[in-house]
Amino acid sequence: MFARSQVFADLPFLPPAFSLRAETAADEAAREALLDDAMGPGRRRKSSEAIRRDRLPAEGLSLVAESDEGELLGTVRLWNVAAGSRDGVDVAALLLGPLAVSARCEGLGIGSALMRRAIAESRWRGHGAIVLVGDAPFYERFGFAADRAAELAMPGPFERHRLLGLELRDGMLSGARGAIVPTGRLASQAVAA
């Protein structure tokens with residue numbers, strides 16, 4: 001049996017212990033700083049941001065990874081959208097993103113843990129599909145595939161091969177075509193309520 005110090009002797013620091021939990025309003029400043037660091041200054045100009053702008057995330061689907069010391073290490077949010085339509089009826093789905101992890105914690109499994117929890121939570125809450133724009137090699141391990149989103153489009157410019165879909169219920173994206181548009185609650189309505 002190895003002592004913890006022997007196992008991690010070659011690492012520049014001990015990996016942080018972390019837990020996943022629902023995001024709270026108190027996380028906003030740390031989440032925004034993490035996203036700015038991870039995604040750079042152009043993050044607010046992405047096509048996905050046009051869908052998220054002025055909207056609230058889907059109910060119960062804003063998650064964070066937090067260290068035992070209370071430091072925000074990662075974040076993921078999902079948003080209500082119509083993933084095109086099928087036979088003239090909007091296809092209800094979720095848009096995942098952004099997913100980000102602190103640069104000092106990349107490769108430690110925090111992003112994967114957030115993804116697994118987000119997918120499980122989405123399925124538990126009865127959602128049928130998730131779409132996202134991201135790197136296929138990372139997201140394919142969770143079941144995402146470009147062919148499930150092949151007939152869908154983002155508002156504004158996007159790279160076709162990075163638009164991926166995951167069916168939480170069989171056939172949910174089958175035959176869906178057209179633009180991905182926001183359907184979630186407006187942030188202004190929530191403040192007034």
Distance in Å, [X] [atom1] paired with [Y] [atom2], rounded so as to fall on 0.5 Å steps:
{"X": "Leu163", "Y": "Phe144", "atom1": "CG", "atom2": "CZ", "answer": "11.0 Å"}
{"X": "Phe142", "Y": "Ile119", "atom1": "CZ", "atom2": "CD1", "answer": "6.5 Å"}
{"X": "Leu35", "Y": "Leu99", "atom1": "CG", "atom2": "CG", "answer": "9.5 Å"}
{"X": "Leu132", "Y": "Leu78", "atom1": "CG", "atom2": "CG", "answer": "9.0 Å"}
{"X": "Glu167", "Y": "Ile130", "atom1": "CD", "atom2": "CD1", "answer": "11.5 Å"}
{"X": "Leu94", "Y": "His127", "atom1": "CG", "atom2": "NE2", "answer": "4.5 Å"}

Show the nearest heavy-atom pair for residues [X] and [Y], with the distance to one decimal.
{"X": "Met39", "Y": "Ala100", "result": "CE-CB, 4.3 Å"}
{"X": "Val91", "Y": "Ala176", "result": "CG2-CB, 3.9 Å"}
{"X": "Leu20", "Y": "Ala65", "result": "CD2-CB, 3.7 Å"}
{"X": "Phe18", "Y": "Gly109", "result": "CZ-O, 4.3 Å"}

Side-chain heavy atoms nearer than 4.5 Å, only ILVMFWY residues, links allowed to pass through others: does that put [X] and [Y] together?
{"X": "Leu152", "Y": "Leu164", "answer": "no"}
{"X": "Leu95", "Y": "Leu173", "answer": "yes"}
{"X": "Leu96", "Y": "Leu166", "answer": "yes"}
{"X": "Ile110", "Y": "Phe138", "answer": "yes"}
{"X": "Leu114", "Y": "Leu168", "answer": "yes"}

Okay, side chain of [X], backbone of [Y]: is any donor-acceptor separation there less than 3.5 Å?
{"X": "Arg104", "Y": "Leu73", "answer": "no"}
{"X": "Arg185", "Y": "Pro57", "answer": "yes"}
{"X": "Arg86", "Y": "Met172", "answer": "yes"}

Q) Quick one: side chain to side chain contact (heavy atoms under 4.5 Å, CB included) partners of Ala153, sequence neighbours excluded? A)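 Partners of Ala153 by the side chain to side chain contact (heavy atoms under 4.5 Å, CB included) criterion, ordered by chain and then number, come out as Phe158, Arg160.
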Q: Return the set of residues passing side chain to side chain contact (heavy atoms under 4.5 Å, CB included) with Asp37 (not counting sequence neighbours), or none when no residue passes.
A: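 Side chain to side chain contact (heavy atoms under 4.5 Å, CB included) list for Asp37, sorted by chain: empty.
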Tell me, do [X] and [Y] make a side-chain contact under 4.5 Å, heavy atoms counted?
{"X": "Thr75", "Y": "Glu23", "result": "yes"}
{"X": "Pro155", "Y": "Val181", "result": "no"}
{"X": "Met154", "Y": "Ile51", "result": "yes"}
{"X": "Pro98", "Y": "Arg52", "result": "yes"}

Q | Crowding at CG, Asp147 (>12 non-hydrogen neighbours, <6.0 Å) | A |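 Enclosed.
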Q: Check the surroundings of atom CG in Asp68: do more than 12 heavy atoms from other residues, nucleotides or ligands lie under 6.0 Å from it?
A: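 Check passes, neighbour count above 12.
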Q: Starting from the C-alpha separation in whole Å, work towards a yes-or-no answer on side chain to side chain contact (heavy atoms under 4.5 Å, CB included) for Val133 and Glu159.
A: CA-CA 8 Å; Val133 177; Glu159 296 174 81; over 6 Å; no
Q. Should Asp54 and Ser188 be marked as a side chain to side chain contact (heavy atoms under 4.5 Å, CB included) after you check the CA-CA gap, both sets of side-chain angles, and the distance that decides it?
A. CA-CA 7 Å; Asp54 300 324; Ser188 60; over 6 Å; no
Q. What residue pairs, at least two apart or across chains, pass side-chain hydrogen bond (donor to acceptor under 3.5 Å, both in side chains) with a residue in residues 130-144?
A.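 Counting only pairs at least two positions apart or across chains, the side-chain hydrogen bond (donor to acceptor under 3.5 Å, both in side chains) contacts touching residues 130-144 are Asp135-Arg162.
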Q: Please step through side chain to side chain contact (heavy atoms under 4.5 Å, CB included) for the pair Leu72 and Arg31, ending with a clear verdict.
A: CA-CA 7 Å; Leu72 195 77; Arg31 181 195 69 237; 3.9 Å; yes
